[in-house]
Protein chains: 2
Amino acid sequence: MYKLPPRNLIYQDVLNQILTLIKNGEWIAGDRIPTETELSKIFQVSRNSIREALKILEHLKIISSKAGSGTHVLEESFQNIQMLELVDTLRQKSTYESLMDTRLIIEPELAYRAALKANEKDIKKLENIIIVSINQINDEEYFTPTVGFSFHMELAKIADNEIIWKFLESITLELLSLRKVIMNKHNKEDLLKELDEHKEIFGFIKSNNPEQAKIAMYNHLKKAQNHLTDYEN
Amino acid sequence: MYKLPPRNLIYQDVLNQILTLIKNGEWIAGDRIPTETELSKIFQVSRNSIREALKILEHLKIISSKAGSGTHVLEESFQNIQMLELVDTLRQKSTYESLMDTRLIIEPELAYRAALKANEKDIKKLENIIIVSINQINDEEYFTPTVGFSFHMELAKIADNEIIWKFLESITLELLSLRKVIMNKHNKEDLLKELDEHKEIFGFIKSNNPEQAKIAMYNHLKKAQNHLTDYEN
DNA sequence: AAGTATTTGTCCGTATGTATC
DNA sequence: GGATACATACGGACAAATACT
C-alpha cells in the first residue's frame with residue numbers, strides 16, 4: 001500500500017497564499033491587507049489559522065499587525081522575502097562540496113586582508129589559538145573535529161567584516177554538522193598536518209605577506225577537499 | 001507626557017523564552033517538549049498564544065509538532081538557530097559601507113572564476129547584457145539605477161556556486177534599496193563610465209584572463225566606493 | 001489486534017485594549 | 001470625547017492523528 005501524502009496544514013496553506021500575493025505584487029509595501037475576520041472569510045478557515053500564518057509573516061518582518069490599525073505590508077517586505085529565499089537556498093544546497101567551494105571563494109581573501117590588518121593583539125590571539133590546538137591534539141582523551149574552527153573564525157574577525165564573518169560561521173558550522181568533515185580528521189597525523197598549514201598561514205600574516213597568506217589558505221582548503229576525495233575512491 | 005513602551009506581545013515573550021531554553025541546552029535536539037496545555041500552564045498564558053509561538057519555531061525548523069506524538073526539538077535546531085542569527089546580522093549590519101565591502105571580498109574572486117569557466121554561451125549572454133545596458137542608458141525615458149545589476153549577477157552565475165550566488169543577490173538587492181546607490185548613478189555620464197568598466201571586465205573574461213578580470217572587478221567596485229565618498233565631501 | 005488515552009489541529013465565542021475619525 | 005473597527009488574548013469544544021496498553 002502507498003502512504004497518502006501528509007495533508008497540508010491550514011496555516012501553512014494560508015501562509016503560502018499570502019506570501020504569493022505579496023510576491024506577485026497584488027499586495028504592495030504600505031498596503032493595508034484585509035482584517036483577520038475578512039481573511040478568515042476569504043480563505044474559509046478559522047481566525048486562529050489566519051493568525052498563526054500572520055504571526056509567522058510578522059516574525060519574518062514581511063507584515064506588521066497592530067491592534068486598532070490593522071495589518072500592513074512592510075516597506076522592507078521585498079528584502080525580507082529575499083532573506084527567506086537565501087535561507088532556503090542555504091538549507092537546500094548545503095553539501096560538503098558546495099560549502100567547501102564557498103569557503104574557497106571567501107577565505108583566501110580574508111587571509112589576504114588579515115595579513116594587511118592584523119595588529120599585535122590579533123597576532124597574539126592567533127598564536128594562542130594555535131597553542132591551544134596543539135594541546136588539544138596531543139591530549140588525546142577526547143576527539144576534536146572542531147579543532148581548527150577557531151583559527152579560521154579568528155582570521156575572519158581580523159578581516160573586519162561582520163556580515164562575512166557571520167556568513168562564514170554559518171557555512172562552517174553547517175559543514176561541521178556533516179559527517180564527512182569528521183572523516184577528514186580521524187587520526188592524529190591528519191590533525192597535525194592541518195595544524196602545520198595553519199602555522200604556515202599564520203607566519204605569512206605575522207610577517208605581513210598578504211599574497212602568500214592568501215595562496216597558503218587556498219592550498220590549505222584545497223588539500224582538505226582532495227583528502228576527502230581520496231577517502232571516497 | 002511620555003509614551004509607555006509598547007507592551008510586549010505574549011507570543012513573542014513565549015517565543016524568546018523557548019528559544020533561550022533550546023539555546024542554553026535545557027531542551028536538546030530530539031527531546032520532546034511539554035504539551036501545549038502544559039506550556040500554557042507553565043507560562044500562564046492561553047494555548048493560542050503558545051501555539052502562535054510554536055508555529056513560528058516550527059517555520060524556523062527548530063521544532064516540529066505532530067498530532068498525537070507531540071512537539072520535538074529537531075536535530076537541525078542548532079544550525080537553524082545559526083541561520084536566524086545570520087539573518088539578524090544581515091539586517092542589522094547592512095550599511096552602504098559594509099555591503100560594498102562584502103562585495104569587494106567576494107566579487108573579484110567570482111570574476112576570476114568566470115574568466116576560467118565561461119563557455120561560448122556564457123560569453124554571448126554577458127555580451128547581450130551589455131548591449132541591453134547601452135540601450136537602457138541611451139533610452140533616457142526612464143531612470144535605471146539597476147542597470148548594472150544583471151551583469152554582476154550573471155557573472156556570479158558563471159562562477160557556478162549557488163550559495164554565493166544567492167548570497168550576493170541578497171547583498172546587492174539590499175544595497176539597491178539604500179538611497180546612496182542611486183546617488184552614485186544620477187547622470188548619463190556616470191552610467192556610461194560604469195558600463196565601460198563592465199566592458200573591460202568582460203574583455204578579460206572573454207580572453208580567459210582571470211588575474212586581470214579579478215583586478216578589474218576590484219577596481220570597478222573601489223571606484224563606486226570612492227565616487228560616493230566624493231559626493232559626501 | 002482493538003480500543004482507549006493523549007496530543008495537536010481547527011473551530012467558535014467573548015472580553016479587552018488600542019488606534020482612528 | 002464618543003463611536004467604531006481592529007488586533008490581542010482568553011477559554012471551551014470537538015476532530016484527527018498518534019501512542020499505549
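The structure displayed is predicted, hence computed values, not measured ones. Note on naming: letters A, B, ... go to the chains in the order of the sequence lines (proteins, then strands), and numbering restarts at 1 for each one.
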> Just how far, in rounded Å, is C1' of C/dT6 from CD of B/E38?
Replying inline: 10 Å
> C/dT8, D/dA7, C/dC11: which one has an atom nearest the side-chain heavy atoms of A/S46?
Replying inline: C/dC11
>> Pick the closest DNA chain C nucleotide for A/S69 and for A/E52 by heavy atoms, then say which residue is nearer the 5' end.
In response: A/E52
> Under the 3.5 angstrom rule, does the side chain of A/N161 hit a backbone N or O of A/I164 as a donor-acceptor pair?
Replying inline: yes
> Between D/dA16, D/dA5, C/dC11, which nucleotide gets closest to the side-chain atoms of A/R32?
Replying inline: D/dA5
> Are the charged groups of B/K166 and B/E169 less than 4.0 angstrom apart, N to O?
Replying inline: yes
>> Using ring centroids (six-membered ring only for Trp), state whether A/H220 and A/H198 fall under 6.0 Å.
In response: yes
> Looking at C/dT8, D/dA9, C/dT10, which one has an atom nearest to any side-chain atom of B/I10?
Replying inline: D/dA9
> Can you tell me if the side-chain N/O atoms of A/T71 get under 4.0 Å from OP1 or OP2 in D/dA7?
Replying inline: yes
>> In this structure, how many angstroms lie between the P atom of C/dT10 and the CZ atom of A/F43, rounded?
In response: 15 Å
> Rounded to the Å, how far apart are A/Q44 CD and C/dC11 C1'?
Replying inline: 13 Å
>> Determine whether a donor-acceptor pair (one donor, one acceptor, N or O, separation below 3.5 Å) exists between the side chain of B/N48 and the base of D/dG11.
In response: yes
>> Using OP1 and OP2 only, check whether a side-chain N or O of B/K55 sits under 4.0 Å from C/dG9.
In response: yes
>> By nearest atom, which of the nucleotides D/dA7, C/dC11, C/dT7 is closest to the A/A67 side chain?
In response: D/dA7
> Which of these nucleotides, C/dG9, C/dG17, C/dC11, is closest to any side-chain atom of A/S49?
Replying inline: C/dC11
>> Tell me the interatomic distance from B/L9, atom CG, to D/dA9, atom C1', rounded to whole angstroms.
In response: 11 Å
>> In whole Å, I'd like the distance from the CD atom of B/E36 to the P atom of D/dC10.
In response: 14 Å
>> Nearest whole Å is fine: how far is C/dT7 C1' from B/I50 CD1?
In response: 14 Å
> Will you find, in the side chains of A/Q79 and B/S177, an N or O donor that is under 3.5 Å from an N or O acceptor?
Replying inline: yes
>> Assess the residue pair A/E154 and A/K157 against the criterion (salt bridge (charged side-chain N to carboxylate O under 4.0 Å, His left out)); give the C-alpha distance rounded to whole Å, side-chain angles, the decisive distance to 0.1 Å, and a yes or no.
In response: CA-CA 5 Å; A/E154 181 58 27; A/K157 193 155 238 163; 5.7 Å; no
> Does the D/dG12 base have a donor-acceptor partner in the side chain of B/R47 within less than 3.5 Å?
Replying inline: no
> When the distance from OH of A/Y11 to C1' of C/dC11 is rounded to whole Å, what number comes out?
Replying inline: 17 Å
> Please give, in whole Å, the distance from D/dC6 C1' to A/K41 NZ?
Replying inline: 13 Å
